[in-house]
Chemist: 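Here it is, the structure in full.
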Amino acid sequence: MEILRKFKLPARSKSPIFAFTVTGLALTAVTGAAALSVFRDTPSVHNPNKIATAIEGVARSSRAIYAITLTVADYKYNLRGFPVDSDEYLQRLTEVHTRSARRFRKLCESNKGFYVKAGQFVATLKLVPKEYSLALSSLQDQAVPCSFQDIKHVLSSNLGQNLEEIFLSFDEEPIAAASIAQVHHAVLKNHQEVAVKVQYPGLKQNMKLDTMIMSFLSKSVAKIFPEYRFDWLVYEFVKSISQELDFIQEAKNSERIAKNFKHNKMVTVPTVFWEFTTAQVLTMQFCKGFKVDDVESLKRTNLSPEKVAKALVEVFAEMIFVHGFIHGDPHPGNILVSPRGNNGFSLVLLDHGNCKTLDEGFRLDFCRLWEALILLDSKKIQELGKQFGVGKYAKFFPVIFTGRTSESKSGLGKGMSIQERQKLKQELKLLKLEDVTTFMGSLPPDFLTVLRTDGLIRSITLKLGAPQRVRLLAYAKSAVYGLGYNLVSEPDFVDKSITSRSLMLMSYLRLRLVLELVELFQGMKKLKHTIYTLYERIINGITKNVKVSSAL
């Protein structure tokens with residue numbers, strides 16, 4: 001009830017929040033029983049104090065319910081009474097976004113585990129308010145390593161042997177720690193250096209409790225306030241995290257990506273050691289390198305950051321548009337640059353737990369969408385928007401992916417003009433949160449996966465200092481190639497016939513020629529304007545001098 005007093009809610013409006021809070025408190029009590037049941041029925045969990053863990057589950061759910069209730073009240077009652085297109089409304093909205101984002105970050109930091117993972121997931125979505133992405137992006141470094149005794153127990157119970165029987169050496173200090181696992185450097189008996197990824201104990205049991213709370217909260221908010229619909233976000237997160245908990249599947253994903261890029265010397269995927277791999281332990285080749293966005297290391301090894309960025313976007317463009325099998329979590333810690341290879345370096349792709357196979361129909365439509373985006377074909381964009389289920393919101397696709405509007409007169413990668421920005425700002429003023437959640441909820445799951453992956457790649461290339469045009473042209477090229485690629489009859493992208501590949505290259509060159517001609521025409525218009533302005537100044541100057549001379 002402290003929340004209600006703090007926001008001074010009117011009597012007629014207390015009912016929804018009150019009902020939400022009371023229901024939440026009831027769920028908290030049920031959570032305690034559920035937690036005890038989960039851990040009681042799971043004897044394999046290495047946890048000497050299951051009651052303490054159950055109590056922690058109750059505390060985690062209580063913090064989540066409190067944070068969500070406070071946030072809903074904050075939005076509902078601090079924006080009340082202001083027209084959505086007014087400047088005051090936008091100012092207040094920014095303030096509420098900032099407070100709520102900090103509140104969620106604090107919740108994730110307190111609850112750890114899947115909440116940190118959920119925060120990271122939200123931070124990478126393009127269409128969330130920037131206040132959220134900025135606040136939650138700091139969670140990438142929030143993972144706290146597990147004690148080595150617990151890790152050792154997971155290893156021995158999964159591999160069926162003591163560590164001394166398998167490894168010559170095993171570093172107790174992890175070289176990396178994430179929200180669901182940590183990685184240790186080790187050496188096998190045959191002197192092979194390996195990286196051993198070990199899942200934290202009791203993780204699946206914690207996931208059952210945490211996802212139950214997340215699902216309850218999203219459904220409750222949607223029922224009380226229909227304009228706040230985030231159930232699609234919880235669904236996508238739960239599906240994503242469930243895949244990441246199965247290291248057998250991650251190993252298979254790794255081998256599939258390695259096969260897809262077997263002819264590409266720019267890509268390195270660590271070899272999996274299956275005899276030392278289970279659902280909770282993944283043993284793979286140890287690969288050296290530095291994070292892909294480590295500009296200082298790139299320059300120190302005489303590698304061009306822009307060249308690395310170009311290679312990166314080409315690799316992920318091929319995944320999206322051609323292979324239809326995507327590495328869904330390409331943050332800098334999962335992509336290393338190794339200063340070895342035919343071109344002076346190679347990209348090492350790690351952590352393949354969150355991979356996604358795109359529907360073949362979606363892959364082809366997405367290729368068509370990018371061709372339309374590059375050429376600013378508004379009619380085609382709207383047609384594809386209907387197929388993707390977003391209707392009128394399709395007009396925002398060019399802004400989301402290319403940074404320009406469908407009526408843009410600027411060149412590819414040049415951004416928007418002042419007039420375009422002003423017009424877009426006016427259109428965005430009319431959008432409500434309900435519009436954003438409806439748009440995101442209408443998108444196919446594959447689209448959300450691509451959207452998240454593209455957002456992460458874009459942030460890396462930005463840090464590497466590569467112009468946006470590099471990414472856009474790489475996507476355009478792969479989109480054209482993808483339209484002529486048949487996954488079933490032509491599983492090997494590189495081994496396509498010379499004729500077929502030549503036709504695809506010609507299609508890309510045609511597209512590129514159109515772009516260059518458009519930019520040349522725009523450049524000529526600017527040059528014409530510059531010459532005309534200069535001519536006017538010269539004439540005005542001569543006229544002024546003549547008048548002065550006549551006056552004298």
Side-chain angles (χ1 to χ4, degrees), residues 143 151 154-155 158-159 163 166-171 173-199 243-294 297 301 303 308 311-312 314-316 318-319 323 325-356 453 456-457 460:
I151 292 298
V154 174
L155 284 165
N158 274 267
L159 301 180
L163 297 189
I166 303 172
F167 304 101
L168 280 177
S169 64
F170 194 100
D171 295 346
E173 287 295 318
I175 55 176
S179 52
I180 66 170
Q182 62 191 52
V183 181
H184 292 259
H185 175 267
V187 179
L188 295 173
K189 290 287 188 180
N190 63 358
H191 299 279
Q192 170 70 53
E193 273 191 286
V194 292
V196 185
K197 184 176 180 180
V198 188
Q199 194 174 116
Q243 294 173 346
E244 290 190 56
L245 291 180
D246 184 358
F247 287 179
I248 294 289
Q249 185 58 51
E250 179 176 345
K252 291 179 180 177
N253 293 341
S254 175
E255 291 193 334
R256 182 172 175 182
I257 287 180
K259 182 180 178 182
N260 287 343
F261 288 101
K262 64 183 180 181
H263 295 291
N264 191 333
K265 303 303 180 183
M266 293 294 295
V267 178
T268 299
V269 179
T271 304
V272 175
F273 293 88
W274 282 101
E275 62 271 36
F276 306 117
T277 294
T278 69
Q280 291 180 296
V281 176
L282 173 58
T283 304
M284 54 201 148
Q285 173 190 2
F286 182 80
C287 295
K288 296 179 181 179
F290 42 83
K291 288 184 179 181
V292 68
D293 65 345
D294 187 347
S297 295
T301 50
L303 293 175
V308 170
L312 177 70
E314 286 177 349
V315 165
F316 277 85
E318 189 173 327
M319 284 187 195
H323 302 156
F325 187 68
I326 311 175
H327 186 305
D329 194 19
H331 67 76
N334 288 340
I335 306 170
L336 304 181
V337 176
S338 174
R340 298 177 181 176
N342 296 341
N343 295 302
F345 71 93
S346 66
L347 298 174
V348 182
L349 304 182
L350 307 173
D351 195 350
H352 304 89
N354 186 8
C355 287
K356 179 73 180 287
T453 301
L456 288 165
I457 294 301
I460 294 173

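Side-chain atoms are counted along with the backbone in the values below, which use heavy atoms only and exclude waters and symmetry mates.
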Chemist: How about E173: does its CD atom have over 12 heavy atoms from other parts shown lying under 6.0 Å from it?
Modeler: no

Chemist: Which pair of heavy atoms, one from L350 and one from P270, lies closest together, and at what distance?
Modeler: CD2-CG, 3.5 Å

Chemist: Do any N or O atoms from the side chain of D329 and from the backbone of N334 form a donor-acceptor pair under 3.5 angstrom?
Modeler: no

Chemist: Grab the two heavy atoms, one from A279 and one from I248, that are nearest each other, plus how far apart they are.
Modeler: N-CG1, 3.7 Å

Chemist: Between S254 and V269, which heavy-atom pair has the shortest distance, and what is it?
Modeler: OG-CG1, 3.2 Å

Chemist: Counting only heavy atoms not in K189 (residues, nucleotides, ligands), do more than 12 fall under 6.0 Å from its NZ?
Modeler: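 Enclosed.
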
Chemist: Nearest heavy-atom pair of I257 and C355: which atoms, and what distance?
Modeler: CD1-SG, 3.9 Å

Chemist: If we only count heavy atoms from C-beta on, is the E244 to E250 side-chain gap below 4.5 Å?
Modeler: no

Chemist: Measure across T268 and S346 and return the closest heavy-atom pair with its distance rounded to 0.1 Å.
Modeler: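 The pair with the smallest heavy-atom distance is OG1-OG, 3.3 Å.
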
Chemist: Give the C-alpha distance, both sets of side-chain angles, the deciding distance and a yes or no for side-chain contact (heavy atoms from CB on, under 4.5 Å) between F286 and Q192.
Modeler: CA-CA 8 Å; F286 182 80; Q192 170 70 53; 6.0 Å; no

Chemist: Nearest 0.5 Å, what's the CG-NZ distance between N253 and K356?
Modeler: 12.0 Å

Chemist: Measure the shortest side-chain to side-chain distance between H185 and F170 over non-hydrogen atoms and say whether it is less than 4.5 angstrom.
Modeler: no

Chemist: Counting N and O atoms only, with roles assigned by atom type, does the side chain of Q182 sit under 3.5 Å from a partner on the main chain of A177, one being a donor and the other an acceptor?
Modeler: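 Not a single qualifying donor-acceptor pair exists.
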
Chemist: I'd like to check F247 versus N158 (side-chain heavy atoms, cut-off strictly below 4.5 Å). Are they in contact?
Modeler: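 They are not in side-chain contact.
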
Chemist: Please tell me if the side chains of F325 and K259 come closer than 4.5 Å, counting only heavy atoms from C-beta onward.
Modeler: no

Chemist: Enter the distance from T277:OG1 to K197:NZ here, rounded to the nearest 0.5 Å.
Modeler: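 Spacing of OG1 (T277) from NZ (K197) equals 11.0 Å.
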
Chemist: Is the closest side-chain heavy-atom distance between I335 and F316 below 4.5 Å?
Modeler: yes

Chemist: Looking only at heavy atoms, what is the nearest atom pair of S297 and T301, with distance?
Modeler: O-OG1, 2.8 Å

Chemist: Nearest 0.5 angstrom please: E314 CD to N264 CG, how far?
Modeler: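 With rounding to 0.5 Å, CD (E314) is 9.0 Å from CG (N264).
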
Chemist: Begin with the C-alpha distance, continue with both residues' side-chain angles, and end with the deciding distance and a verdict on side-chain contact (heavy atoms from CB on, under 4.5 Å) for H191 and L168.
Modeler: CA-CA 7 Å; H191 299 279; L168 280 177; 3.4 Å; yes

Chemist: Please assess F261 against M266 for the test side-chain contact (heavy atoms from CB on, under 4.5 Å), listing each intermediate value before the final yes or no.
Modeler: CA-CA 9 Å; F261 288 101; M266 293 294 295; over 6 Å; no

Chemist: Are E193 and K288 close enough, and set up right, to give a side-chain contact (heavy atoms from CB on, under 4.5 Å), and what steps lead you there?
Modeler: CA-CA 11 Å; E193 273 191 286; K288 296 179 181 179; 4.3 Å; yes

Chemist: Do the side chains of L245 and Q199 get nearer than 4.5 Å, heavy atoms only?
Modeler: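 Sidechains of L245 and Q199: in contact.
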
Chemist: Please work out whether the ring planes of F276 and F167 are parallel, tilted or perpendicular, with thresholds of 30° and 60°.
Modeler: tilted

Chemist: Side chains of V183 and L282, heavy atoms from C-beta outward: is any pair under 4.5 Å?
Modeler: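 Heavy-atom side-chain distance check fails, nothing below 4.5 Å.
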
Chemist: Report yes if the side chains of Q249 and Q243 come closer than 4.5 Å at any heavy-atom pair, otherwise no.
Modeler: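 They are not in contact (no side-chain heavy atoms under 4.5 Å apart), so the answer is no.
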
Chemist: For the CD1 atom of I175 and the NE2 atom of H184, what is their distance to the nearest 0.5 Å?
Modeler: 9.0 Å

Chemist: Would you compute the distance between atom CD1 of I457 and atom NE2 of H331 and round it to the nearest 0.5 angstrom?
Modeler: 11.5 Å

